[in-house]
Amino acid sequence: MPRVSHPVAKRVVIHGSVQGVFFRETTRRRAESRGVSGWVRNCSDGTVEALFEGEPEAVEAMVAFAREGPRAASVERVDVEDAAPEGGGGFSVR
């Protein structure tokens with residue numbers, strides 16, 4: 001009998017040189033290709049914040065991407081915390 005996994009959600013805050021390097025758009029594309037819902041946005045303090053929601057393996061893959069970022073980004077650190085699933089569909093850039 002296949003194991004049924006329940007959706008999980010993770011909130012991440014990415015620190016470093018992460019704005020103006022297509023971080024949000026690249027994140028959106030990767031999330032959509034993995035079936036992950038949620039959102040990503042630039043914050044006034046220079047960080048990028050995101051919520052990833054979906055199957056545990058797909059969410060972990062998005063957290064791993066956040067630690068690297070797109071080629072032009074320079075990620076210093078990523079804060080990760082469990083979050084309550086919002087239940088929304090799709091992935092948006094805010």
Exercise. What residue pairs, at least two apart or across chains, pass side-chain hydrogen bond (donor to acceptor under 3.5 Å, both in side chains) with a residue in residues 43-54?
Worked result: R11-E49, R41-E49, D45-T47
All N/O donor-acceptor pairs, side-chain side in residues 82-94, below 3.5 Å, sequence neighbours left out:
unit_1: D82; atom_1: OD1; unit_2: K10; atom_2: NZ; d: 2.5
unit_1: E86; atom_1: OE1; unit_2: W39; atom_2: NE1; d: 3.4

Seminar exercise, completed: When every non-hydrogen atom of G54 is compared with those of V59, the smallest separation belongs to N-CG2, 3.3 Å
Exercise. According to a 4.5 Å side-chain heavy-atom criterion applied to Ile, Leu, Val, Met, Phe, Trp and Tyr, with indirect links allowed, do V21 and F65 form part of one hydrophobic cluster?
Worked result: yes
Problem set entry | Joint cluster assignment, L51 & V40, ILVMFWY side-chain distance < 4.5 Å | no
For this session: For P56, enumerate each residue passing the side-chain contact (heavy atoms from CB on, under 4.5 Å) test, keeping only those at least two apart in sequence or located in another chain.
Result: S5, V8
For this session: Measure the spacing between OG1 of T27 and CD1 of I14 and express it to the nearest 0.5 Å.
Result: 6.0 Å
Problem set entry | Side-chain heavy-atom pair V12, V63 within 4.5 angstrom cut-off | yes
For this session: Give a yes or no on whether F22 and V48 share a hydrophobic cluster (residues Ile, Leu, Val, Met, Phe, Trp, Tyr; joining criterion: side-chain heavy atoms under 4.5 Å apart).
Result: no
For this session: Evaluate the side chain to side chain contact (heavy atoms under 4.5 Å, CB included) criterion for residues V75 and F23: first the C-alpha distance (whole Å), next the side-chain angles of each, then the deciding distance (0.1 Å), finally the verdict.
Result: CA-CA 10 Å; V75 177; F23 209 111; 4.0 Å; yes
Exercise. Residues two or more places apart in sequence or in another chain: which of them pass salt bridge (Lys or Arg N to Asp or Glu O under 4.0 Å) with R28?
Worked result: E25, E32
For this session: Can you see which heavy atom on A58 is nearest to which on R34, and at what distance?
Result: CB-O, 3.7 Å
For this session: Answer yes or no: does atom CD of E81 have more than 12 heavy-atom neighbours from other residues, nucleotides or ligands under 6.0 Å?
Result: yes
Exercise. What pairs with R77 under side chain to side chain donor-acceptor pair (under 3.5 Å), at least two apart in sequence or on another chain?
Worked result: H15, D79
For this session: Taking all non-hydrogen atoms of both residues into account, name the closest pair between V18 and S74 and its distance.
Result: CG1-O, 4.2 Å
